[in-house]
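Worksheet for the structure shown next.
Indexing begins at 1, ligand by ligand and atom by atom, following the structure's order.
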Amino acid sequence: MIVEKTNIKDCFLIKPKVFKDERGYFFESFHQEKFEKQTHIKTNFIQDNESMSNYGVIRGLHAQQGKFAQAKLIRVVQGKVLDVIVDARKDSPSFGEVYSSLISAYNKYQIFVPKGCLHGFSVLQDETIFTYKCDEFYLPSSEIGVYPLDEDLAIDWGLAKGEAKLSDKDVKNPKWKTFVSGIF
Ligand SMILES: Cc1cn([C@H]2C[C@H](O)[C@@H](COP(=O)(O)OP(=O)(O)O[C@H]3O[C@H](C)C(=O)[C@H](O)[C@H]3O)O2)c(=O)[nH]c1=O
């Protein structure tokens with residue numbers, strides 16, 4: 001697999017080696033030893049998640065904080081998303097930076113999202129199935145979020161104006177400036 005650094009510290013774009021033959025294809029979707037050797041990050045994923053969404057949905061920007069902060073390894077098994085990470089670690093050299101990449105069932109790319117980063121994605125194809133590993137269990141009380149259409153972050157989600165469909169929870173999430181004022 002190819003592991004590429006991004007502009008966010010310890011956030012990696014991963015391009016797995018895909019073996020194709022007349023039957024179809026095979027690839028290792030996760031290999032702990034190879035992952036740790038190439039990223040120098042120790043992992044212990046303990047929860048797998050899956051969600052399905054239709055075109056125009058944005059899920060995020062979310063994270064869990066404190067002891068239950070989650071690192072994630074994300075991929076798409078059907079469809080296409082624009083995956084977005086925002087560094088919310090106030091002591092990080094890439095604090096406040098945004099990284100985004102097209103992740104699809106076609107390119108089979110993955111992103112490692114480090115603990116302390118906000119994560120979200122926009123759905124660019126109907127019936128997109130998104131799956132990801134987490135290294136801490138879900139704890140709703142530890143969840144934090146930022147409004148994904150925040151004008152200061154100015155994230156290009158790849159959707160036309162007014163197309164984004166957010167959950168009631170996400171619509172109410174604080175703006176980036178409010179979030180930042182709360183962590184300093
Ligand atoms: C995340 C999660 C949710 N749930 C339940 C809680 C709700 O009843 C339902 C939907 O939850 P939510 O609306 O928070 O799902 P998403 O908006 O996809 O949230 C995720 O979206 C962004 C992209 C992320 O990176 C996070 O992992 C996660 O916050 O699933 C669980 O039972 N376990 C879980 O681990």
> Hey, is D91 close enough to R89 for a salt bridge, meaning N to O under 4.0 Å?
Replying inline: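 Salt bridge absent between D91 and R89.
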> Rounded to the nearest 0.5 Å, how far does OG of S53 lie from NZ of K165?
Replying inline: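 Rounded to the nearest 0.5 Å, the NZ-OG separation comes out at 10.0 Å.
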> How many angstroms lie between atom CZ of F112 and atom SG of C117, to the nearest 0.5 angstrom?
Replying inline: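 Interatomic distance, F112 CZ to C117 SG, rounded to 0.5 Å: 9.0 Å.
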Apart from [X] itself, which Ile, Leu, Val, Met, Phe, Trp or Tyr residues share its cluster (side-chain heavy atoms under 4.5 Å, direct or through members)?
{"X": "Y132", "answer": "I8, L13, V57, I74, V76, V81, I85, Y99, I103, Y109, I111, V113, F121, V123, F130"}
{"X": "F68", "answer": "L139"}
{"X": "F19", "answer": "F26"}

>> Can you list every protein residue that has a heavy atom under 4.0 Å from any atom of ligand 1, sorted by chain and residue number?
In response: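 Contacting ligand 1 under 4.0 Å are Q47, N49, R59, H62, K72, H119, F121, Y132, Y138, E143, K169.
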